[in-house]
Amino acid sequence: MTFREIYSISRRFSDTMSVMEKKSGNMKKNDRISIKIDSFKTLNRTLGYYENTPVFISGGMPGQRAEVLIKRKRQSVCEAAFVKLLEAADYEIPVSCPVYGQCGGCSFLSMPYAMQLQAKEDYILQLLQQHGFSFQHYRGIHPSPQTEGYRNKMEFSFGNAEKGGALTLGMHRRNSFFDIVPALDCQLIDDDFQAILKAVVRHCQQKNYSFYHKRAHRGLLRHLVLRKGCFTGQIMVNIITSSQAPFDEEAFVEAVRCLPLTANIVSVLHTVNDSVADTVAPEEVRLLAGQDYLDEQLLSLTFQIAPFAFFQTNSAGCEILYRQILDMLPEAHADLILDLYCGTGTIAQLISPKADQVIGVELVQSAVAAAEKNAERNNLANCHFIAVDVLNVLPDLLDIPDVIILDPPRAGIHPAALAQIAAYRAKYILYVSCNPTALIKDLALLTETYNIADLSIVDMFPHTPHVECVVLMSRVEK
């Protein structure tokens with residue numbers, strides 16, 4: 001059976017058997033049931049039926065039978081969390097990851113990659129169709145050049161796999177805030193990252209360091225962040241600790257810089273974070289060795305990446321994405337291109353040959369400083385960057401841009417900013433989105449004055465439910 005056949009199964013009633021043999025009307029919060037997953041609702045949310053009652057599940061794949069935990073019961077539907085796999089779908093393939101299913105990182109690892117692409121493409125196209133959006137040209141879905149070891153950045157947490165267990169380093173266990181699943185054999189990272197991960201765990205165990213307990217807010221070790229310039233062979237190692245106990249910085253540097261790696265560690269950092277929130281907050285950053293940045297190359301340009309700067313996590317896939325953007329831009333040379341939510345200015349700099357002037361707008365001051373520095377290093381005199389909220393800068397711009405590029409945060413664009421963007425009446429708007437739901441919301445307003453001229457889908461995140469969309473819109477008189 002092909003994935004398209006599985007994906008397009010109508011919402012039939014499944015012959016599920018209950019773990020507790022009870023009628024659906026008696027189901028309540030925290031009950032556990034066995035259910036056959038019928039179809040995708042979104043790429044990270046599935047649908048099954050239990051005694052004729054629709055159950056929406058966070059996670060899972062069509063064709064699987066799973067044990068799920070009822071999180072919410074309403075009159076006619078239930079919301080549930082995926083607990084464990086009871087029976088694999090007939091299309092699933094063996095995986096070598098020892099913690100697949102326990103870690104929430106790569107939920108599609110057992111699905112053949114061609115079927116992953118089909119699922120993502122079907123979802124995007126059906127979503128657009130369901131909301132009444134049509135497009136003149138479709139460029140298809142573009143696979144990632146790498147499906148394993150493609151991550152150029154990973155953030156790991158210190159902890160233990162079970163209460164009282166040994167110190168480990170990895171990802172949060174599925175549906176758990178406290179338990180950590182070891183990531184020493186993660187399929188998404190390359191051999192260098194795995195070697196560093198194992199060396200850090202070994203070193204910290206030998207030093208008898210404690211990990212930070214999130215409930216008690218006590219302990220030393222919090223996170224390890226690894227970054228890599230995949231095309232430059234440069235690695236950054238950043239260990240995040242609290243200030244509650246001594247940390248031997250010199251010994252840590254020796255432990256990681258002596259490793260036989262294919263790439264070179266050019267930066268070793270120690271970030272001190274005493275915030276109670278479980279986030280990597282740069283309260284104090286100490287440079288222990290090397291430089292406080294790494295370089296990455298994309299499509300002949302070089303970008304300097306700071307420790308906490310945003311950069312696409314799949315370098316090879318990022319080149320595919322940016323080539324699509326370049327190909328989809330109108331062929332005519334533009335007087336002015338406006339790049340909103342520009343981050344560190346990667347898109348602005350790559351498209352600069354297509355315009356007399358490119359202006360990037362970004363709220364984060366450090367990102368703008370990095371964009372300016374990178375534009376200078378790349379000898380791009382026609383790129384300029386402004387550190388201000390998009391809502392505040394738009395009323396002050398006098399020239400109407402030929403093209404507006406939008407690459408907003410995952411939540412999408414503030415409605416007030418979106419209205420201002422549409423009112424500018426630029427000839428074209430090119431929208432880059434990592435969140436299809438937010439894209440649909442924003443298209444509802446933009447398509448009042450724009451037609452969707454071109455659509456491309458890029459899989460930047462193999463084995464996960466995430467995908468990138470690029471939409472080119474052209475202004476029409478209505």
Side-chain angles (χ1 to χ4, degrees), residues 127-128 131-136 310 325 328-330 332-352 354-372 375 382-456 468-478:
L127 190 66
L128 289 167
H131 288 82
F133 299 121
S134 59
F135 41 87
Q136 299 171 10
F310 171 78
I325 292 171
M328 291 171 68
L329 283 173
H333 194 79
D335 293 328
L336 173 63
I337 295 179
L338 189 61
D339 183 9
L340 304 182
Y341 312 96
C342 69
T344 54
T346 51
I347 294 177
Q349 293 174 62
L350 287 164
I351 64 172
S352 61
K354 286 181 169 282
D356 291 338
Q357 185 180 25
V358 180
I359 297 177
V361 180
E362 169 60 46
L363 178 62
V364 181
Q365 177 66 55
S366 60
V368 169
E372 291 173 338
N382 64 335
C383 286
H384 308 282
F385 300 94
I386 306 171
V388 68
D389 193 318
V390 168
L391 268 171
N392 296 332
V393 74
L394 286 176
D396 297 330
L397 290 175
L398 300 178
D399 295 331
I400 298 176
D402 299 288
V403 182
I404 295 178
I405 294 179
L406 305 173
D407 188 6
R410 186 164 181 80
I413 301 173
H414 190 284
L418 199 63
Q420 290 184 7
I421 291 166
Y424 252 97
R425 302 175 65 80
K427 295 177 184 177
Y428 299 95
I429 293 177
L430 191 144
Y431 194 129
V432 184
S433 173
C434 63
N435 184 352
T437 304
L439 173 64
I440 291 297
K441 171 180 68 68
D442 293 344
L443 284 179
L445 189 150
L446 291 173
T447 51
E448 292 179 3
T449 49
Y450 286 84
N451 281 339
I452 300 177
D454 211 345
L455 168 68
S456 182
E468 294 271 349
C469 297
V470 186
V471 177
L472 176 67
M473 289 167 275
S474 59
R475 182 169 58 85
V476 294
E477 297 296 337
K478 293 188 177 181

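Please read all numbers here as calculations on a predicted model, not as lab measurements.
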Item checked: Derivation of the side chain to side chain contact (heavy atoms under 4.5 Å, CB included) call for V388 and E362 -> CA-CA 6 Å; V388 68; E362 169 60 46; over 6 Å; no
Notebook entry, point to check: Are more than 12 heavy atoms from other residues, nucleotides or ligands located less than 6.0 Å from atom NZ of K427?
Noted result: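 Check fails, neighbour count at 12 or below.
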So do [Y] and [X] actually touch side chain to side chain, heavy atoms under 4.5 Å?
X: V470; Y: L455; answer: no
X: I386; Y: V368; answer: no
X: N451; Y: M473; answer: no

What pair of heavy atoms forms the shortest contact from [X] to [Y], and how long is it?
X: S352; Y: C383; answer: CB-SG, 3.6 Å
X: P401; Y: Y424; answer: CD-CD2, 3.7 Å
X: A370; Y: T344; answer: CB-CG2, 4.1 Å
X: A371; Y: G343; answer: CB-O, 4.3 Å
X: S134; Y: I452; answer: O-CB, 3.4 Å
X: C434; Y: E468; answer: CB-OE2, 3.5 Å

Check: Would Y431 and D442 count as having a side-chain donor-acceptor pair, cut-off 3.5 Å?
Finding: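 There is such a pair between these side chains.
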From [X] [atom1] over to [Y] [atom2], what is the distance, rounded to the nearest 0.5 angstrom?
X: H414; Y: Q420; atom1: NE2; atom2: CD; value: 10.0 Å
X: Q357; Y: N382; atom1: CD; atom2: CG; value: 8.0 Å
X: I337; Y: L430; atom1: CD1; atom2: CG; value: 9.5 Å
X: L329; Y: I405; atom1: CG; atom2: CD1; value: 5.0 Å
X: I429; Y: L446; atom1: CD1; atom2: CG; value: 5.0 Å
X: K354; Y: I325; atom1: NZ; atom2: CD1; value: 12.0 Å

Judged by atom type as modelled, is there a donor-acceptor pair below 3.5 Å linking the side chain of [X] to the main-chain atoms of [Y]?
X: D389; Y: L363; result: no
X: R475; Y: Y450; result: no
X: N435; Y: T437; result: yes

Next item on the list: Write out all pairs satisfying side chain to side chain donor-acceptor pair (under 3.5 Å) with one or both partners inside residues 333-343, taking only residues at least two apart or from two chains.
Entry: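 Applying side chain to side chain donor-acceptor pair (under 3.5 Å) to every pair that reaches into residues 333-343, excluding sequence neighbours, yields H333-D356.
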Margin query: Using the rule given for side chain to side chain contact (heavy atoms under 4.5 Å, CB included), can you reason through V471 versus V432, listing the C-alpha separation, both sets of side-chain angles and the distance that settles it, and then say yes or no?
Written below: CA-CA 7 Å; V471 177; V432 184; over 6 Å; no
Next item on the list: Check the pair L472, Y428 against side chain to side chain contact (heavy atoms under 4.5 Å, CB included), reporting the backbone distance first and the verdict last.
Entry: CA-CA 7 Å; L472 176 67; Y428 299 95; 4.1 Å; yes
Check: Yes or no on side chain to side chain contact (heavy atoms under 4.5 Å, CB included) for T447 and F133, after CA distance, side-chain angles and deciding distance?
Finding: CA-CA 8 Å; T447 51; F133 299 121; 3.4 Å; yes
Next item on the list: Sequence neighbours left out, what passes ring pair (Phe, Tyr, Trp, His ring centres under 6.0 Å) with F135? Give chain and number order.
Entry: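 With sequence neighbours excluded, F135 shows a ring pair (Phe, Tyr, Trp, His ring centres under 6.0 Å) to Y138, given in chain and number order.
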